[in-house]
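A note on names: the letters A, B, ... follow the listed sequences, proteins ahead of strands, and every chain is numbered from 1.
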Amino acid sequence: MTLPPRYIPAEHEPLVWKRWTTDPSRPFHADPKRVDRGAKPNHAPGAKRPPYCIVIPPPNVTGRLHLGHALNNTLQDILTRAHRMMGFETLWMPGTDHAGIATQAVVEKRLRESGELIGPLRGSEKFTREKFVERVQAWKEEYEAAITEQLQRMGCSCDYDRQRFTMDEIGSRAVREAFFRFFRDGLIYRGKRLVNWDPVLQTAVADDETEMEEVDGFFYYLRYPLTEKVTLPSGEVIDHVTVATTRPETYLGDTAVAMNPDDPRAKALVGKRVRLPLVGREIPIIQDSYVVLPAKDPDAPEVDAKAKYTTGFLKVTPGHDPNDYELGLRHKLPMINIMAPDGTISDKHGWTDVGEAKLFLGLKVSTAKAHKLVTAEFEKLGLLQEKKPYRHSVSHSERSGVPIEPYLSDQWYVKVTDDRMAPSANKALHSGEIEFHPARYAKTYESWHDNIRDWCISRQLWWGHRIPVWRKRITLTEKNWYDELIVPGLDDINTKESTKAGICLQLVRVATGTVVPWRTEEKKFFLFSFRRDSWLPVTKADEGEYDIFICTNDDSIYSPAALQDQGFERDPDVLDTWFSSALWPISTMGWPDGAESAKLDPRSDDFDALLKAFLPSNVLSTAREIITLWVSRMVMFSRYLMPEGWPQDQDLSHSGQGRGPVPFPDVFIHSVIQDGQGRKMSKSLGNGVDPLDIIDHYGADAMRFVLCNMTTQTQDVRMPVEKDPKTGKNTSPKFDMGRNFCTKLWNATRFALMNLGGGDAGSAASAPSPSGRGQGEGFQSSPARSSSSSSSSSSLIDRWMLSRVASTIKKVNESLANYEFSIYAQQMYDLMWRDFCDWYLEAIKPTVKTDASQQAVLRAALDSILRLLHPVCPFVTEALYEQVRLVAGAPVAGLNVPPSASGLLCTAPWPIAADALIDEKAEAEFLFLQELTDAIRTARATKNVEQRRKITLHADADLIARLSKDRVAGGMVESLAGLERVTADKPPQDAVLFTFRARECALSNLADAMDPAAEKTSLAEQVAKLDKDIAALAGRLNNAGYIQKAPPKLVEESKALLAQKEAERAAAARRLGELG
RNA sequence: GGGCGCAUAGCUCAGCUGGCUAGAGCGCUGUCUUCACACGGCAGAGGUCACAGGUUCGAGUCCUGUUGCGCCCACCA
């Protein structure tokens, strides 16, 4: 009984997965108690070993994983599996991200499509907040399960017992504590700012949640009447100024007109006023160098678009344009908001002087309709000068697709500009604590921090972490301030003097939006001190409306109910998704509670040890667009929140405040997979590939091998996508290679097993044993310690094979250390296919059945290949190892492949080869034989010699000696080249001459009859080709500079090559003469 | 506008600090169903390394510039 000639993944993958996950040794489970950072990697049961940890970039629960995920997770699994086999205590922490805005948008869209939801979500009768969140929760459950299944089908060896979710209790606890600490330390503040507003989802969105789109529009030239006539330096008298705008309706919120101080008209106009049509508001003309001067020649091709279109007068709308907002701040202009959250023009949100502009109320801003109506009114008044077509890019919401409205609103911010945040993240880069691979990506990271702005973290959504802040609006006077500020019950808490749990307050003056520092004797701003005598009283100047914000990290201190009784309302907003993502490396491991986290999730009771053992993790693997969104924030948060002296200081209540540890020392940025046309894969383009479709069709290993193989150091990789006519699913012919590779490995092992006479090869396919244990192991003793006399083969091809294995181990180790995945795959491809199959297995066919020492080498080489390949192709190698491990084989000196204690390949020790196995002499000699074989094969093919015909090689005595020196090696050439005999006899008249390394050789008995004409043509071609080569070489050697400056070794090589070519030419020419 | 990357065989890509007689896989051509594998073996065809300059004895590789494509950041006058 033998293995079938094909590897059919679907027959093995589920069984192999079951073995991994049900084995009592729990191979994917990390035990922090076994970790010792100072230990050497080893496999001894119960021994201490160094940690190796990767925290998964949590996939969004918005949908299923795509090929980019497959790539990233394959790479992480490769690293994880390799290190596990190398003897590290290995943790790959899995989990998913709630992806606030993205998931809410997807679910909202679904509900709209199904007709369940009509109109805006907020205020919807059908969906209360709780009910909607319930629906999102259901969605999350569905896709979290799908994602987990996908990961498992891919073979990802995550520690699934620890799987986390950003919004689970552990994650939420971390968010709460982190928010509290930032709030307490003054790094979270409330501010009225201009934000990106999505008028459909009705929430603020981050800059990175928007994307630019080219839009056709118009430049409208509007005339603003001056309140008095002005005489320009040119002598011209004007009664209006003309502004150019793409969004005419925003004129309703204009609070100034700006011009460049260098504009010759500025002197006459700055300080004058214009009156806004219909609104009637009078606004000043101000000067600011931000304003672009009009181009002298607007038609010149390289003129900046702004200079080309501008009139020199810029309408300033601080409430609805980011630049105008900055301008407004600089000039202390009023900010008028003319828009309701749904994007309609409204006088209910801070706009009072509506005047005759009433007719615009209710219009949706940024629509053609609004532009039309507003400009029509200007036209009626004779104030529309002209309009010009203009194509420009406008930012759109990534989630709802509508244009983003800059919108003035109250939001929470993290002060990432603080020295302890972004600058600290850069410090980690400069000190080498964090390193990017490839290194160029460090630049993206660095410049992001150099230009960073405070991070708006509040989102007006329902799906996410609720902001842990309660608010009450109060009016403070000289008389009532103490009573207003004191919150009953808090006095008691203060006496606890607890640093761990706490409560803190912020006071924001409503009129100005400014945060009022708590004025205590201790100068502990925001840290609430409840001792009345430590407060400075409110003075007359301080009187007014205030918002008081309370933040606590522990509901037991002050319960939500108690706060409500006091008239506090919980902030309705949720946090930006990246806030919880930023905590991911530490929250998943139980920050901030350590051992106590087990109360929140009893699945893992070793939380105290977990963080200590595995943080910092070893590497973060991700796509480059995540560098700013996520990598940066994880570094900032970890450095701020984790203790400075970590891991010596293990008191998690200590915040490092920018001097804590980095969450990982290495960041690997993988390439982006595009389709065959270089486009991004996306749902809308229909060019996405589902990893499960690939796995169904090709097998997980095939997919993984190809993904690994294409992970070079470049930015993008193209993957031509085809639609499978049968299934209608997207696929790519690129994966053929992986499938073929697995089949080849399968058959090579099959062949080896046949020749090793061992295990019942059939059982792997038909009836895999549930556990391999209990059956005889292949090795009797550790091969590393065995003496060379045990089995070391003296055969050249065996030494060559071992040398190839040894040097591949070395190169694979290097590639893994440098995150050079493609090189790793390539090495394994060459070793398994080219070296092992094409040469070694073919070469040993005549001898292996009777040569015990060769069998040992065969077994050890195969075992090594399976181990080295396992991280890339875990399923097929595991299935094969199940058979191979049962085959007895003597140890091979220098190649250490001890049996796996569990019987599983996934925890088998990584092969170790002695340097002495790398045998350059054997490789050189083998190369000689390979080339000889090739030369004969080529001659046979070009002379159309029949496949089965055995021919005769005529060679010189030296070559014959070399071939007979090693019985097996000589036999190899004979069998691979199809030789009947090798002789020193003079070749017969009809022999075909060829030269091999400057030796004249000949082949005879090629055919029943030779064609002398064809032979002559071929020889003439050879001579011509050689002449060309000789000319080139001679030219190089005649160059004085080359002789003088090139390395002598190179010159010698050229000379030798020239001599060889000349000899070959002479021989060919002579033979040509003989043939007449 | 700032930054990064890519342009090498029909396709997808290697080619590190300059020595190449430029490689791999797929595809193509020929041949072989020989007892591991036709998802295979063997052999072969196919490339002025985007373009133009420069440095060098020598450039796919280094420098400068040009063109084309892609990505990130900034930018709604």
Qualifying salt bridge (charged side-chain N to carboxylate O under 4.0 Å, His left out) pairs, either residue in residues 436-447 of chain A, two or more places apart: none
Near-strand residues of residues 827-838 of chain A, defined as heavy-atom separation under 4.0 angstrom from RNA chain B: A/Tyr829, A/Trp833, A/Arg834, A/Cys837, A/Asp838
side-chain contact (heavy atoms from CB on, under 4.5 Å) partners for [X], two or more places apart:
X	result
A/Asp934	A/Trp839, A/Arg937
A/Val291	A/Ala258, A/Asn260, A/Leu314
A/Glu931	A/Leu927, A/Phe996, A/Arg997
A/Ser447	A/Asn451

Partners meeting ring pair (Phe, Tyr, Trp, His ring centres under 6.0 Å) with A/Phe994 (sequence neighbours left out): none
Set of residues satisfying ring pair (Phe, Tyr, Trp, His ring centres under 6.0 Å) with respect to A/Tyr824, sequence neighbours excluded: none
Same-atom distance (P) from B/U61 to B/A7, integer angstrom: 12 Å
B/G60 and B/C13, which share atom name C1', separated by this distance in whole Å: 15 Å
5'-to-3' dot-bracket of RNA chain B (Watson-Crick, G-U; under 3.5 angstrom; crossing pairs as [ ]; | other strand): ((((((((.[[[[.)...(...]]]].(((((.......))))).....[[[[[..)....]]]]])))))))....
Test salt bridge (charged side-chain N to carboxylate O under 4.0 Å, His left out) applied to A/Lys1025 - qualifying residues, sequence neighbours left out: A/Asp1029
Where A/Ile404 and A/His396 come nearest, the two heavy atoms and their spacing: CG1-C, 3.7 Å
Show me the side-chain donor-acceptor pairs of residues 1031-1040 of chain A shorter than 3.5 Å, one per line, residues at least two apart or across chains.
from, atom 1, to, atom 2, distance (Å)
A/Asn1038, ND2, A/Ala1034, O, 3.2
A/Asn1039, OD1, A/Gly1041, N, 2.8
A/Asn1039, OD1, A/Tyr1042, N, 3.4

I'd like a table of atom pairs between the protein and nucleotides 1-7 of chain B - only N or O on both sides, under 3.5 Å - with the distance next to each one.
from, atom 1, to, atom 2, distance (Å)
B/C4, OP1, A/Lys443, NZ, 2.9
B/C4, O2', A/Gln715, OE1, 3.4
B/G5, O4', A/Gln715, NE2, 3.3

